[in-house]
Amino acid sequence: MKKVVVGLSGGVDSSVAAAILHNQGYDVIGLTLWLMKGKGQCCSEGMVDAATICEQLSIPHEIVDMRDVFQTNIVDYLVSGYSAGITPLPCSQCNRTVKFGPMLEYAREKLECDAIATGHYARIAYDHGSERYQLLRAFDRNKDQSYFLYDLSQELLAGTIFPLGELNKNDTRKIAAEYGLKTADKPESQDLCLVESNGSMRAFLDKYLAPKPGDIVDSNGKILGTHDGVHHYTIGQRKGLGIAAAEPLYVIKLDTVNNLVVVGDRTKGTDKECAVERVNWVSMAEPRGSIRGEVQIRYRSQPVLATIIPGEKDCVQLVFDEPQFSITPGQAAVWYEGDKVLGGGIIKN
Ligand SMILES: Nc1ncnc2c1ncn2[C@@H]1O[C@H](COP(=O)(O)OP(=O)(O)OP(=O)(O)O)[C@@H](O)[C@H]1O
């Protein structure tokens, strides 16, 4: 019988992923990564729900303590990024270094099992021509999570199954109800897990970073207001600036050297190019020259046409056909060809 380790967060998606594979005849083992430090965090509820699902499906449940790895790779990474004036995207980093990598390693070393599965909405296909695993968007475009998965290596893709890739969320809920899963009606998580467990990104950051008051200025240096720490702002932000102005103003630069938040009208926040670092080529090998692709610079942004120019040391330059508003250092840029994730990386500037 084929054996698979399913990452169980205690949510409906991973519960259904486990139930589907179990029903298909896989020998399923549930595995929950214990991620967050502190009592009463969302993880403790998640672990109990995951254990309940395993009980329902009569499958074993393992819990692996990953709190230190999560603290170093995600919490510290976020805090140092925000204090340096960037807006880091923790999810792709979390997927590679906290979830998929360690889960596959644990599955192989401790459970003699070569495959893992998660409840992500994305698809994987093997292309015989290029001999590569391809990462594809989910059928449900509204739930598609391929943007967060661009950083997975070929080895990780080879060992991963996404049982929900061809379903839409309504199907998932229906299947959960059909199987009578305890998590069937569990509400959708809306935010980043750290935001959800702390109430807001501000509340999370305030636990680690002291207030550092400074000025909000326009691009000529004119003082328009004050702020309580550059780390509370993000490029493109419009709300919560506390400035009355005739036209809408957006954050266009975070100047940590002079402790300034620089604001301007929408035209000042657009750019035709950006540099991307820590690039991972997913469905294709790194090309020798420029390629064209549809690029997403945020999770929910519309893909836009651009030329992708490979550079040195895992870097590329993106040149957009049309200037883009609020290109945010720290967020991921992911380039696609149709449904296929070609590659992605972290926006540098
Ligand atoms: N703590 C965890 N331990 C093991 N696997 C996890 C954990 N958190 C998330 N995962 C896996 O990653 C997938 C995507 O996680 P995400 O945080 O995006 O939750 P989600 O889409 O709301 O899914 P779910 O409904 O299963 O919580 C989950 O479906 C699960 O398979």
Side-chain angles (χ1 to χ4, degrees), residues 4-22 28-37 41-54 57 59-71 73-75 89-107 111 115-124 138 140 142-149 151-152 156 159-165 167-173 175-177 179 181-197 299-300:
V4 64
V5 168
V6 180
L8 289 178
S9 59
V12 64
D13 292 331
S14 46
S15 307
V16 169
I20 289 174
L21 293 172
H22 185 246
V28 178
I29 301 167
L31 187 155
T32 303
L33 304 168
W34 185 2
L35 302 177
M36 281 183 221
K37 294 190 183 231
Q41 302 278 19
C42 59
C43 269
S44 31
E45 189 197 322
M47 280 190 282
V48 173
D49 288 343
T52 311
I53 290 299
C54 292
L57 298 174
I59 59 172
H61 185 217
E62 304 256 335
I63 290 177
V64 178
D65 185 353
M66 292 290 286
R67 288 175 296 170
D68 286 342
V69 178
F70 186 79
Q71 179 72 28
N73 289 17
I74 305 304
V75 174
L89 177 85
C91 305
S92 51
Q93 158 113 338
C94 185
N95 278 331
R96 184 172 54 84
T97 67
V98 183
K99 288 183 186 156
F100 288 73
M103 276 206 294
L104 193 56
E105 196 180 311
Y106 189 86
L111 305 169
I116 58 168
T118 69
H120 282 98
Y121 287 82
R123 292 175 294 138
I124 298 169
D140 185 345
N142 204 28
K143 285 293 299 177
D144 174 43
Q145 291 174 304
S146 57
Y147 174 85
F148 295 120
L149 299 165
D151 208 15
L152 297 185
L156 291 175
T160 298
I161 306 172
F162 292 137
L164 308 189
L167 301 179
N168 63 42
K169 187 74 193 207
N170 290 339
D171 298 331
T172 305
R173 291 249 179 233
I175 295 172
Y179 284 122
L181 298 177
K182 293 263 165 56
T183 50
D185 297 322
K186 210 168 158 179
E188 200 85 343
S189 48
Q190 295 299 339
D191 254 320
L192 202 62
C193 62
L194 282 167
V195 169
E196 198 149 290
S197 61
Y299 173 44
R300 289 281 178 202

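Along the sequence shown, the residues carry numbers beginning at 1. All ligand and atom numbering here is 1-based and tracks the order in the structure. Below, all heavy atoms of this structure are taken into account, side chains as well, without hydrogens, waters or symmetry copies.
For T160, the side chain to side chain donor-acceptor pair (under 3.5 Å) test picks out no residue, with sequence neighbours left out.
Exactly one residue among R173, H120, K169 makes a side chain to side chain donor-acceptor pair (under 3.5 Å) with D13. That residue is K169.
Ring centroid separation for the pair F148 and Y299 comes in under the 6.0 Å cut-off.
Note that the CD atom of E105 and the CG atom of L111 stand 12.0 Å from one another [nearest 0.5 Å]. Summarising the geometry, atom CG belonging to L167 is positioned 6.5 Å from atom OH belonging to Y121; distances are rounded to the nearest 0.5 Å.
Contact shell of ligand 1 (protein heavy atoms, cutoff 4.0 Å): G7, L8, S9, G11, V12, D13, S14, L31, T32, L33, L35, K99, T118, G119, H120, Q145, S189.
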Apply side chain to side chain donor-acceptor pair (under 3.5 Å) to residues N73 and T97 and explain how you reach the verdict.
CA-CA 7 Å; N73 289 17; T97 67; 3.1 Å; yes

